[in-house]
**Student:** 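Input: one structure, supplied below.
Reckoned from all heavy atoms, side chains included, excluding hydrogens, waters and symmetry mates. It should be emphasised that the depicted structure is a prediction, and the values quoted were computed from it without experimental measurement.
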Amino acid sequence: MTERCDLLITNVHAATMDPSIAGAYGAVEDAAVAVTGGKIVWLGPRRELPDCAADKTLDGEGQWLTPGLIDCHTHLVYGGHRASEFARRLGGESYEEVARSGGGILSTVRATRAASAEQLYRAAEPRLQALMSEGVTTLEVKSGYGLDLDTELKQLRTARRLAQHYPVEITTTCLAAHALPPEYDGRPDEYIDLVCEQILPAVAKEQLADAVDMFCESIAFSVEQCQRVIDCAKKLDLPVKVHAEQLARTGATAMAARASALSVDHIEYITDADVAAMAESGTVAVLLPGAFYTLRETQMPPVEKLRASGVSMALSTDLNPGSCPIASLRLMMNMGCNLFGLTPAEALAGVTRSAARALGLCCSRGALRPGLRADMVLWPMETPDQLAYEVGALKPAQIFFAGKTVGGRDVTAG
């Protein structure tokens with residue numbers, strides 16, 4: 001009996017990123033992939049393909065197919081820019097010095113509060129388009145530049161609106177505990193009261209967030225204050241993520257692991273005990289080499305220890321106006337290898353299956369295998385190593401979102 005499918009891709013090599021398939025990339029050479037209803041229904045060597053009548057067939061021309069890329073940590077929606085702070089840091093000021101003088105996150109808060117929802121949407125569009133052009137089919141967008149109820153809601157609504165108008169999956173995270181707003185200067189506990197008693201309940205009621213995040217650092221909030229946010233999130237049935245140990249050792253990673261957080265992000269200053277706690281809890285380590293590069297940091301996350309302990313390592317842009325105004329996940333793959341010592345295969349895993357896990361989405365995307373959504377990218381390359389090695393000229397030949405072509409150059413189809 002002949003099976004039917006919506007799309008059949010043949011003459012293609014598949015870097016499935018499926019850990020059940022041997023090899024760093026889970027590669028299936030000379031593969032075929034069948035898609036129905038937006039999901040992969042068959043994948044394997046072409047010679048084993050069962051009889052299949054397809055509504056559309058695609059000759060992959062011997063290119064490589066990967067899962068759609070996933071950017072699991074961005075601050076995509078914000079107002080203004082901080083180019084002047086870039087110049088100040090180049091002049092010798094540290095990130096902390098800029099922040100304590102009224103710059104940093106608070107300068108973006110002022111611009112974001114002043115911007116209309118339409119202005120935020122239009123400003124975010126080119127950033128989103130840049131990520132999508134590289135094969136990003138899922139990304140996370142955080143709030144955190146409002147620090148009041150109305151602006152936090154405005155940011156999250158804008159992120160949801162972008163997802164309605166672009167063929168991309170956007171998950172949203174409420175990062176109201178990002179910095180202390182000026183009107184609460186000297187009263188951090190009272191601001192955490194606002195976050196827990198007003199902002200998070202309102203966000204949950206409107207179903208505007210898929211997770212809750214917090215910035216646990218000396219220039220932001222303490223472990224005790226962040227624990228209150230975690231407790232509130234748990235009561236609202238929202239998973240948590242934590243900006244942890246970026247600038248110093250705070251104990252945030254241990255706190256996050258105890259809470260079974262989806263991820264801890266940055267983690268340059270974690271200890272061996274933190275690594276062990278993450279391995280036990282299954283919390284993903286999200287590495288952000290763009291912020292490390294932009295801030296010219298010297299303390300690197302302990303990649304070898306994370307690898308040895310089996311901690312899943314994701315990579316992300318941390319796209320934001322201050323510490324990483326870089327809308328290129330492909331560049332982060334290159335930086336992850338050159339700055340942090342990842343292998344090219346670990347870098348691709350970091351922007352596919354590990355990134356999906358960091359968003360709680362590993363059951364629906366992040367790999368190429370039957371049952372997962374057909375978010376896929378076709379690349380004109382000879383080896384998947386090129387994705388982390390070559391930046392700029394190597395562009396997607398075709399991008400699929402839920403099995404539908406949404407970008408890339410033309411590929412012969414019939």
**Student:** Could you tell me whether Lys56 and Asp6 have a side-chain N and a carboxylate O separated by less than 4.0 Å?
**Tutor:**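 Salt bridge absent between Lys56 and Asp6.
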**Student:** From Arg369 CZ over to Lys39 NZ, what is the distance, rounded to the nearest 0.5 angstrom?
**Tutor:** 12.0 Å
**Student:** Is it true that Arg307 and Glu304 make a salt bridge, defined as a side-chain N closer than 4.0 Å to a carboxylate O?
**Tutor:**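 A salt bridge is absent here (no side-chain N lies under 4.0 Å from a carboxylate O).
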**Student:** Before accepting this row, confirm whether a basic side-chain N of the pair Asp318/Lys142 lies closer than 4.0 Å to the acidic partner's carboxylate O.
**Tutor:** no
**Student:** When rounded to the nearest 0.5 angstrom, what is the spacing between CE in Met132 and OG1 in Thr138?
**Tutor:**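 Here the rounded value is 10.5 Å.
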**Student:** So how far is it from Leu288 CG to Thr317 OG1, rounded to the nearest 0.5 Å?
**Tutor:** 8.0 Å
**Student:** Does the cation-pi check pass for Arg127 over Tyr78, that is, NZ or CZ under 6.0 Å from the six-membered ring centre and within 45° of its axis?
**Tutor:**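 Yes.
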**Student:** Going by distance alone, is a donor N or O of one side chain under 3.5 Å from an acceptor N or O of the other, for Thr112 and Gln155?
**Tutor:**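 There is no such pair (donor and acceptor under 3.5 Å, judged by atom type) between the side chains of Thr112 and Gln155.
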**Student:** Could you go step by step and tell me if Ser222 and Gln225 meet the side chain to side chain donor-acceptor pair (under 3.5 Å) rule?
**Tutor:** CA-CA 5 Å; Ser222 68; Gln225 290 159 346; 3.3 Å; yes
**Student:** Would you please classify the geometry between the Phe215 ring and the His243 ring as parallel, tilted or perpendicular, with 30° and 60° separating the classes?
**Tutor:** perpendicular
**Student:** Is Glu118 salt-bridged to Arg161, cutoff N-O under 4.0 Å?
**Tutor:** yes
**Student:** For the atom pair CG (Leu106) and NE2 (His178), what is the distance rounded to the nearest 0.5 Å?
**Tutor:**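 Separation between the atoms: 10.0 Å.
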**Student:** Going by an N to O cut-off under 4.0 Å, is there a salt bridge joining Asp274 and Arg249?
**Tutor:** yes
**Student:** Check His73, Glu140, His75 against Thr173 for a side chain to side chain donor-acceptor pair (under 3.5 Å) and give me the one that passes.
**Tutor:** Glu140
**Student:** Give me the ring orientation class for Tyr121 and His165: parallel if the planes are under 30° apart, tilted from 30 to 60°, perpendicular past 60°.
**Tutor:**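 Tyr121 and His165: perpendicular rings.
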**Student:** With the threshold set at 4.0 Å, does a side-chain nitrogen-carboxylate oxygen contact exist between Asp193 and Arg228?
**Tutor:** yes
**Student:** Strictly below 4.0 Å, N to O, side chains only: are Asp375 and Arg365 in salt-bridge contact?
**Tutor:**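 No, Asp375 and Arg365 are not salt-bridged.
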